[in-house]
Each structure stands twice: as C-alpha cells, then as structure tokens.
Amino acid sequence: MRAFMVSCKTKGEIDLMREAGKVVGQTIEEVAKYIKPGITSEELDKIGEEFIRSRGMIPAFKGLYGFPGSICISFNEEVVHGIPGKRVLQEGDIISLDVGATNKGWNADGAATFPVGKVSEEALKLIAVTREATMIGISQMKLGNHLYDISDAIHDYVEKQGYSIVTQYVGHGIGRKVHEEPQVPNFRQPVRGMALRKGMCLAIEPMVNIGTFETVVKEDKWTVVTKDGSLSCHWEHSSAITDGEPLILTLP
Ligand code: MG
C-alpha cells in the first residue's frame, strides 16, 4: 500500500495557478505562430521564454532537474523532454511544445502538438486522437470518481483508435511544485485508486504512439523517443477538481 501526500488547493491558490495556466496556453499559442519549416527549436524556445517573462512569470522547466531549455520541444518520434537546439523544423514534421510557468510560486503545465507545414493524414489523426484522449481524461476529473478512472478512460479511447499509450511517463499532481503526488498513469490500473477531492489539481498528459508503447532515452539523457522510431504525440492540460465540471487551468 502506498501512502499519497495529495494536497487540495484553496480557491486563492487555484486562481494563481489559473493565471499561470493562462500564460502557458498563451505561450503555446504564441510559439505556435512561428512553427514553420526553417526555424530551429532553439529559436522557438527563446520566443517562449521571452513571452513567459514578459508576463512577469518564470519558465517552470528552466533548470528543473537540470533541464537546459525553457520549453520541451519534441520532434516526430521524440515523445517528450526534447531539448531545444539547432535542429531545423522541416515540412512534414510534428512538433510538441511542453510549457510550464510559475506565478508567485504556483505552477501550471501544458503541452500541445502541431504540424509543420503539410503533414501526413496519419500524423493529423494522431494529433487529434491525443488531444481528445486528454479531454476524455479531464472529463473524469469529478467528485464521485477515483484517480484511475482517468487512466482507464484514456487507455480505452487510445486503444480503440488503434494506437498505443506510453507507460513509462505519466501525468501528475501540480501546485507549488510542477510535479507533485499523485502520479496519473495514462493506462489501465487494476484498482480505482484514491477518491478524487475538490481542489486537487492534476496535469493530464497522454503520450500516444503509432507503433510500440515502448520508449528509450537518447544519449543526451533527456530526449525520450519511441523504441521503434514510430511517430509520437503529446498533449497536456493542468486542471482543478471543482464541485462541478473540472476547471481547465491551461487554456489561453
Ligand atoms: Mg507535465
């Protein structure tokens, strides 16, 4: 039996996280305007960092566990944690932007995946399925449900679409720290887990692959890629549990 230390946030704390989340959503929108063949991921990172700082907030990932960038930018078969660098975006790539912002000590974390120019039908479907899997997971964030109802709903949907779900990386609680308890797996669990409570804030972030669910970490010790090199997609929102519908914190 594992004991969880899960904190429920107050209205005031959630307001601060919503402010952070708004900037996360706006940063993703802003950086996405520059997603075109020819730009480097390093340039996108700089645009994102400047945007977050212009709003008086701190890029939450900069230096987190030693991460060198402000935004995680992952290409194609890269699942998550891509380091911004000299790699140039090419027509047909898909690019995920994973952004965190800290507002007066409170965090929000969100991600989205975008096509670069014209991409394959398959890539577009993968993006649509991953986004929908996120929203399906969030829709389970209500009183009366248990933690792993979220996991089961995401897994069921992704599997029905014929894709696989990454199991080595999971969603998480969020608040004063970017990563808090509980972990939120995106795959089915043998039990329902803890009962959800008002004020719990969770980042739901399915990572969906066209091929195998298995992943490996590249030599840079950060970038996670699919083991078979197949395309991967990532989407994420931080949300708070309320008396009614979940409050999505990371919408622009
Ligand atoms: Mg996250």
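Count residues from 1 along the sequence. We count ligands from 1, going down the list as the structure has it; atoms in each ligand are counted the same way.
- Judged purely by distance below 3.5 Å, without hydrogens or angles, the side chains of Glu180 and His172 never pair a donor atom with an acceptor atom.
- Residue-and-atom listing of protein N/O/S atoms under 2.8 Å from the Mg ion (ligand 1), sorted by chain and number: Asp109 OD2, His172 NE2, Glu205 OE2, Glu236 OE2.
- Using bins of under 30°, 30° to 60° and over 60° for the plane-to-plane angle, the ring pair Phe114/Trp235 lands in the tilted bin.
- Counted by atom type alone, Asn145 and Gln140 present one or more donor-acceptor pairs between their side chains at under 3.5 Å.
- At distances below 3.5 Å, at least one donor-acceptor pair connects side-chain atoms of Thr40 with backbone N or O atoms of Glu43.
- Looking only at side-chain heavy atoms (C-beta outward), Val99 and Val31 stay at 4.5 Å or farther from each other.
- Here the CD1 atom belonging to Ile73 is positioned 8.0 Å from the CD1 atom belonging to Ile35, to the nearest 0.5 angstrom.
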